[in-house]
Amino acid sequence: MPAGLQPAILLAAFAGLRIGEAVALRVSDVDFMRGIITPAIQYPGVELKTEESKNPIPIPQNMCLELSANHARWGSETLVTNGWGRAMSPHRLEH
């Protein structure tokens, strides 16, 4: 799996994020030290579908490491990136 797409799979499988929420998840939405994701927006930068979607989501420490490694590699504001380290759309991810 391409390195930039790995966070999308982890976010869907372990945090239960929808595709639009996963691709819009920003570095600022993750507390890497505590292991908590707090989604704030979905693609393309619009409000989340429900108020419950804004609830903090605990994630395992090893997942924090994987997410931070992708950010360190690309320096992108979003955690899910394409092969060039740029943010991607849900449609491209599904493709």
Side-chain angles (χ1 to χ4, degrees):
M1 169 181 310
L5 299 181
Q6 195 170 21
I9 303 302
L10 294 172
L11 290 167
F14 295 105
L17 295 185
R18 297 177 186 99
I19 292 175
E21 295 167 344
V23 298
L25 192 70
R26 301 165 297 189
V27 174
S28 60
D29 297 331
V30 181
D31 184 337
F32 292 99
M33 295 301 290
R34 293 186 194 166
I36 298 175
I37 294 173
T38 308
I41 59 171
Q42 64 181 347
Y43 184 87
V46 298
E47 290 290 317
L48 296 171
K49 287 185 177 185
T50 66
E51 284 300 311
E52 290 79 27
S53 296
K54 296 178 183 178
N55 290 339
I57 304 165
I59 59 172
Q61 190 61 36
N62 58 345
M63 185 171 159
C64 286
L65 294 173
E66 290 292 328
L67 294 175
S68 65
N70 193 58
H71 170 64
R73 179 176 182 193
W74 298 111
S76 175
E77 181 183 335
T78 58
L79 292 171
V80 177
T81 58
N82 63 18
W84 298 279
R86 297 186 189 119
M88 64 183 342
S89 71
H91 309 292
R92 184 67 187 150
L93 178 61
E94 289 174 343
H95 177 69

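This one's a predicted model, so the numbers in the text were calculated from it and none came from an experiment.
By the side chain to side chain contact (heavy atoms under 4.5 Å, CB included) test, Ala69 pairs with no residue at all, sequence neighbours left out. Partners of Glu77 according to the side chain to side chain donor-acceptor pair (under 3.5 Å) rule, which considers only residues two or more places apart in sequence or in another chain, do not exist here. Evaluation of the side chain to side chain contact (heavy atoms under 4.5 Å, CB included) rule for Phe32 yields Val27, Val30, Cys64, Leu67, Ser68, Leu79 as partners, not counting sequence neighbours. Contacts of Ser28 classified as side chain to side chain donor-acceptor pair (under 3.5 Å), with partners at least two apart in sequence or in another chain: none. Evaluation of the side chain to side chain donor-acceptor pair (under 3.5 Å) rule for Arg26 yields Asp29 as partners, not counting sequence neighbours.
For the pair Glu21/Leu48, a side-chain contact is recorded, criterion being any heavy-atom separation below 4.5 Å from C-beta on. Counting heavy atoms from C-beta on, the side chains of Leu25 and Val80 never come closer than 4.5 Å. The shortest distance between side-chain heavy atoms of Leu17 and Ile57 falls below 4.5 Å.
Here the closest non-hydrogen pair linking Ala87 and Ser76 is N-OG, 4.4 Å. Minimum interatomic distance between Thr78 and Ala24 (heavy atoms only, all atoms of both residues): CG2-O, 4.4 Å.
With hydrogens and angles left out, the side-chain atoms of Thr81 and Arg73 include no donor and acceptor closer than 3.5 Å.
Identified under the salt bridge (charged side-chain N to carboxylate O under 4.0 Å, His left out) test for residues 39-56, with sequence neighbours left out: Glu47-Lys54, Glu51-Lys54.
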